[in-house]
Amino acid sequence: MRAGLLAIFIATSATADAPQFEDITHLIPEHHYSGGWEHFVGGGVAALDCTGNGLPDLVLAGGEGPALLLRNEGAMAFTPEDLPITGMTGAYPLDIDGDGVLDLFILRVGPNIVLRGLGDCMFEDATEALGINSGNGWSTAFTAWWDEGHARPTLFVGNYVDRDDPTGPFFACDDNQLLRPRAGGWHSEPFGPGFCPLSALAARDARDRLTLRLSNDRHYYVRGGYEQMWDIAEARFLGADDGWAEQMLWGMGIASRDITGNGLADVYLTSMADQMLQLAQMDGTYRVAPFEMGHTAHRPATGDDGRPSTGWHAQWGDVNNNGRADLFVAKGNVDQMPDLAMADPNTLLMQGVDGRFTEVGHLAGAGDPARSRGAALVDLDGDGRLDLVVVNRRAPARLYRNVSDGVGNWLAVALRDAGGNTQAIGARVEVTSDAGQQWQELSIGGGHAGGQAGALHFGLGAAEHAEITVHWPDGQKTRHSASNVNRRITLTPLD
């Protein structure tokens with residue numbers, strides 16, 4: 001076979017194997033994440049069902065412009081509403097007051113805002129009423145968790161550069177903020193040292209302990225800083241004695257999921273140049289994944305710009321429902337940084353049976369070269385295929401429908417619990433089927449400036465039956481059989 005024909009054959013085969021996304025951006029209004037240098041970062045997406053119809057609605061940060069709420073009416077029809085909030089870098093959904101209705105923690109350049117959900121995607125500013133210290137920093141990271149015995153969550157807010165430091169911006173990372181629940185509201189305390197976090201995640205680490213992970217932007221701490229891990233129960237940072245090796249990254253986003261099958265969550269960290277995958281080891285430590293796994297996404301996949309990539313939001317998700325987690329990475333130059341790629345298409349890495357990843361973003365129709373920031377890989381129409389929304393800086397947000405043929409079966413598992421932690425944050429869900437054993441942890445945080453509240457999605461391949469085990473936050477364990485797949489299941493500890 002001649003070389004030219006061989007290249008065509010390989011490209012055709014790869015296209016046939018790649019998932020397919022249809023760009024349906026025309027169905028939503030044009031929306032930009034705009035602003036000056038304080039909005040070089042941020043631009044997140046929050047996905048939550050605030051209408052109560054079982055489908056995720058979307059909130060898109062606007063930077064200096066207004067945020068955008070997209071009510072999901074079903075069948076990829078969205079009703080847009082401006083949220084009159086400016087200075088917004090991102091948003092995370094959670095039920096902060098335990099009333100069963102999802103709220104939004106809004107990150108801003110300036111005082112943060114807590115929007116209390118009233119139902120039907122109606123919200124009210126309840127920051128003061130809830131006793132939340134809104135701060136006045138440049139907030140770029142958020143996570144939350146429920147300490148044992150508490151009905152309300154502990155909140156962590158990551159702050160970027162101190163805008164009031166006259167010696168900044170370099171070496172001027174602001175203190176972060178920890179908000180602990182107390183009678184009448186939350187007690188606010190500074191949390192340091194701060195090394196300019198752009199992502200935070202409270203979840204179980206390789207030791208199987210609840211840990212706060214911070215991914216920090218080396219661009220502004222420059223030296224003397226590093227990635228941070230804070231043991232929540234012991235209230236201390238991990239160090240070399242704990243097996244925690246210091247890493248210095250231009251940290252942007254965090255994505256956590258077990259991809260090796262050992263029952264421990266592996267962690268993907270976006271950065272400038274190489275993106276890092278840390279594989280959780282059974283001895284409680286992490287190992288940097290070898291380059292041969294194909295995960296680094298260190299250069300643009302297409303085009304003639306060979307400079308290093310800049311990664312932002314990262315998210316695991318089984319795009320073709322074959323039982324293996326794939327990875328989406330939003331990419332884009334900070335603004336005009338000359339040492340990094342300007343035309344930097346977004347990345348979609350498909351995981352093979354051997355655990356290696358193959359870049360297919362350009363083949364799948366999701367390789368937009370705009371300056372992307374936040375994103376959400378989420379099933380928007382309830383058909384079991386993960387769709388995609390991406391927020392771009394100084395370019396229109398993109399909406400993609402997953403129209404892939406030949407995808408596998410699936411389950412979506414939602415949890416509801418009694419008490420203040422209504423969404424069962426901290427629970428672990430295991431799904432066992434002919435596609436193997438998978439597990440995911442329900443958490444708030446990670447990504448870049450935005451997160452999701454909703455059902456956990458599991459691809460099942462050809463399997464038509466699955467066993468579900470839920471490890472609830474209080475230690476209770478329940479088991480369930482799913483003889484009918486391709487549906488959403490809502491479970492409680494009493495089921």
Side-chain angles (χ1 to χ4, degrees), residues 19-34 42-51 53 55-63 65-83 88-93 104 121 253 255 270 311-319 326-332 345-348 361 364-404 412 446-455 457:
Q20 296 299 303
F21 286 89
E22 176 189 5
D23 189 339
I24 55 171
T25 303
H26 64 279
L27 298 179
I28 61 173
E30 185 170 309
H31 178 78
H32 297 241
Y33 182 67
S34 62
V45 180
L48 71 161
D49 178 13
C50 56
T51 59
N53 64 359
L55 297 172
D57 308 287
L58 301 171
V59 175
L60 281 59
L68 177 65
L69 167 65
L70 294 172
R71 289 173 173 259
N72 191 340
E73 311 292 353
M76 288 299 185
F78 297 89
T79 300
E81 296 180 11
D82 279 344
L83 282 179
M88 177 174 162
T89 56
Y92 287 85
L104 283 168
C121 287
T270 58
W312 296 91
H313 183 87
Q315 186 177 339
W316 299 103
D318 190 347
V319 174
D326 311 304
L327 183 69
F328 175 80
V329 181
K331 290 180 170 183
N346 294 328
T347 280
L348 181 60
D368 184 12
R371 295 179 184 86
S372 296
R373 292 295 188 264
L377 193 61
V378 61
D379 183 3
L380 291 171
D381 54 3
D383 69 352
R385 292 176 289 190
L386 294 175
D387 308 298
L388 180 63
V389 58
V390 183
V391 170
N392 295 317
R393 172 171 163 76
R394 294 197 285 117
R398 294 288 181 187
L399 180 66
Y400 302 92
R401 175 196 281 132
N402 187 339
V403 294
S404 307
H448 178 68
Q452 303 175 22
H457 177 270

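Worth saying up front: this structure is predicted, and the values here are computed from it rather than measured. Count residues from 1 along the sequence.
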Listed partners of [X] passing side chain to side chain contact (heavy atoms under 4.5 Å, CB included), at least two apart:
| X | answer |
| --- | --- |
| Ile24 | Glu22, His26, Leu27, Met76, Leu399, Arg401 |
| Leu104 | Ala46, Leu48, Val59, Ala91, Pro93, Ile106, Leu115, Phe123 |
| Pro345 | Pro300, Thr302, Pro369 |
| Ala366 | Phe21, Leu388 |

Are side-chain heavy atoms of [X] and [Y] found at a separation under 4.5 Å?
| X | Y | result |
| --- | --- | --- |
| Asp379 | Asp387 | yes |
| Leu70 | Pro29 | yes |
| Leu58 | Asn72 | no |
| Leu83 | Pro66 | no |

Quick check: closest heavy atoms across [X] and [Y], and the distance to 0.1 Å?
| X | Y | result |
| --- | --- | --- |
| Met88 | Ala61 | O-CB, 3.8 Å |
| Val390 | Ser372 | CG1-OG, 3.5 Å |
| Pro56 | Val378 | CG-CG2, 3.6 Å |
| Val391 | Gly44 | CG2-O, 4.1 Å |
| Ala397 | Thr25 | O-CG2, 3.1 Å |
| Leu327 | Ala314 | CD1-CB, 4.5 Å |

Mind checking the [atom1]-[atom2] spacing from [X] to [Y]? Nearest 0.5 Å is all I need.
| X | Y | atom1 | atom2 | answer |
| --- | --- | --- | --- | --- |
| Thr89 | Arg373 | OG1 | CZ | 12.5 Å |
| Leu68 | Phe78 | CG | CZ | 10.5 Å |
| Ile28 | Thr79 | CD1 | OG1 | 12.5 Å |

Ignoring hydrogens and geometry, is there a side-chain-to-backbone donor-acceptor pair from [X] to [Y] under 3.5 Å?
| X | Y | result |
| --- | --- | --- |
| Trp312 | His448 | no |
| His313 | Gly446 | no |
| Thr270 | Gly253 | yes |
| Tyr33 | Asn392 | no |

Of all residues at least two apart in sequence or in a different chain, which pass the salt bridge (charged side-chain N to carboxylate O under 4.0 Å, His left out) check with [X]?
| X | result |
| --- | --- |
| Asp381 | none |
| Arg385 | Asp383 |
| Asp326 | none |

Residues two or more places apart in sequence or in another chain: which of them pass side-chain hydrogen bond (donor to acceptor under 3.5 Å, both in side chains) with [X]?
| X | value |
| --- | --- |
| Ser34 | none |
| His457 | Asn321 |
| Arg371 | none |
| Asp49 | Thr51 |

Review point. Mind checking what makes ring-ring contact (aromatic ring centres under 6.0 Å, His included) contact with Phe328, not counting sequence neighbours?
Key: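 With neighbours one apart ignored, the set is empty.
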
